[in-house]
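Residue numbering restarts at 1 for every chain, and letters A, B, ... go by the order of the sequence lines.
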Amino acid sequence: MNYWLMKSEPDTFGINDLCNRPNQTEHWDGVRNYQARNMMRDDMKLGDQVFFYHSNCEEPGIVGIMEIAKEGYPDFSAFFPTDTHFDPKSDPEHPRWIMVDVKYVRTLSREIPLKELKGYEQLAELPLVRRGNRLSIMPVSKEQWDFILSLEAQRPD
DNA sequence: GCCAACGTTGGC
DNA sequence: GCCAACGTTGGC
């Protein structure tokens with residue numbers, strides 16, 4: 001089993017939006033970055049666990065857990081000119097972009113803010129806390145995953 | 001294949 | 001809203 005972290009802007013699609021979807025499942029469309037696409041296409045497997053991260057908001061941080069409910073398939077939002085994620089270089093015959101489906105697992109008992117995550121030596125290698133990182137999807141090691149979850153029950157300093 | 005210009009991400 | 005960091009584009 002692999003572990004991941006995926007970013008979304010809560011104003012656009014937050015963890016409560018996922019929780020309220022039918023079957024608490026939604027397709028993760030709109031990723032337009034090759035590195036992130038390749039991970040969804042090649043490495044994400046059914047049942048993999050994923051941290052839901054709120055980005056570009058008042059308090060960026062990890063807010064919950066979801067799991068991969070469907071492995072990579074063409075991101076159809078690229079096909080429609082009226083869609084904000086439209087890409088004329090992608091079509092159903094030759095899809096350029098890939099998405100997965102995610103299913104809500106649970107909301108953390110407290111949000112773990114980015115500024116707290118940055119303070120732990122155990123997470124120094126996590127791309128999220130590294131300077132200038134812009135990846136919206138990244139792998140999380142088992143060690144990092146367990147460590148972050150152990151923070152949930154703790155009060156921050 | 002280089003690299004300047006440009007657009008986007010995302011923390012602050 | 002600002003802007004640093006980064007990815008992509010396209011002229012040469």
Within the 6.0 Å centroid threshold, strictly below: A:F52 and A:W28: yes

Check: A:W97 ring centroid to A:Y34 ring centroid under 6.0 Å: yes

Upstream residue (5' side of DNA chain C) when A:N56 and A:G132 are each assigned their closest nucleotide: A:N56

Atom pair distance, as rounded to whole Å: CG in A:N33 and P in B:dT9: 10 Å

Centroid-centroid distance, A:H27 to A:F76, less than 6.0 Å: yes

Separation of atom CG in A:D11 from atom P in B:dG10, rounded to whole Å: 14 Å

Spacing between A:K118 atom NZ and B:dG10 atom P, to the nearest angstrom: 13 Å

N/O (side chain, A:K89) to phosphate O (OP1/OP2, C:dT9) under 4.0 Å: yes

Between C1' of B:dT8 and CG of A:D87, the distance in whole Å: 15 Å

Minimum-distance nucleotide to A:Y34 side chain [options: C:dT8, C:dG7, B:dG11]: C:dT8

Nearest heavy-atom neighbours spanning A:V140 and A:W145: CG1-N, 3.6 Å

Closest to side chain of A:Q35, choosing from C:dG7, B:dG10, B:dG11: C:dG7

Spacing of A:H85 atom NE2 relative to B:dT9 atom C1', expressed in whole Å: 14 Å

Sugar-phosphate only, base, or nothing, as touched by A:K7 at under 4.0 Å among non-hydrogen atoms: sugar-phosphate

Short N-O contact, A:K115 and A:E59, less than 4.0 angstrom: yes

Euclidean distance, atom CG of residue A:N133 to atom P of B:dG11 [Å, nearest integer]: 9 Å

Rounded distance in Å - CG (A:L135) to P (B:dG11): 13 Å

A:Y53 vs B:dT9: side-chain N/O to OP1/OP2 distance below 4.0 Å: no

Protein-nucleotide distance (A:R32, atom CZ; C:dT9, atom P), rounded to Å: 13 Å

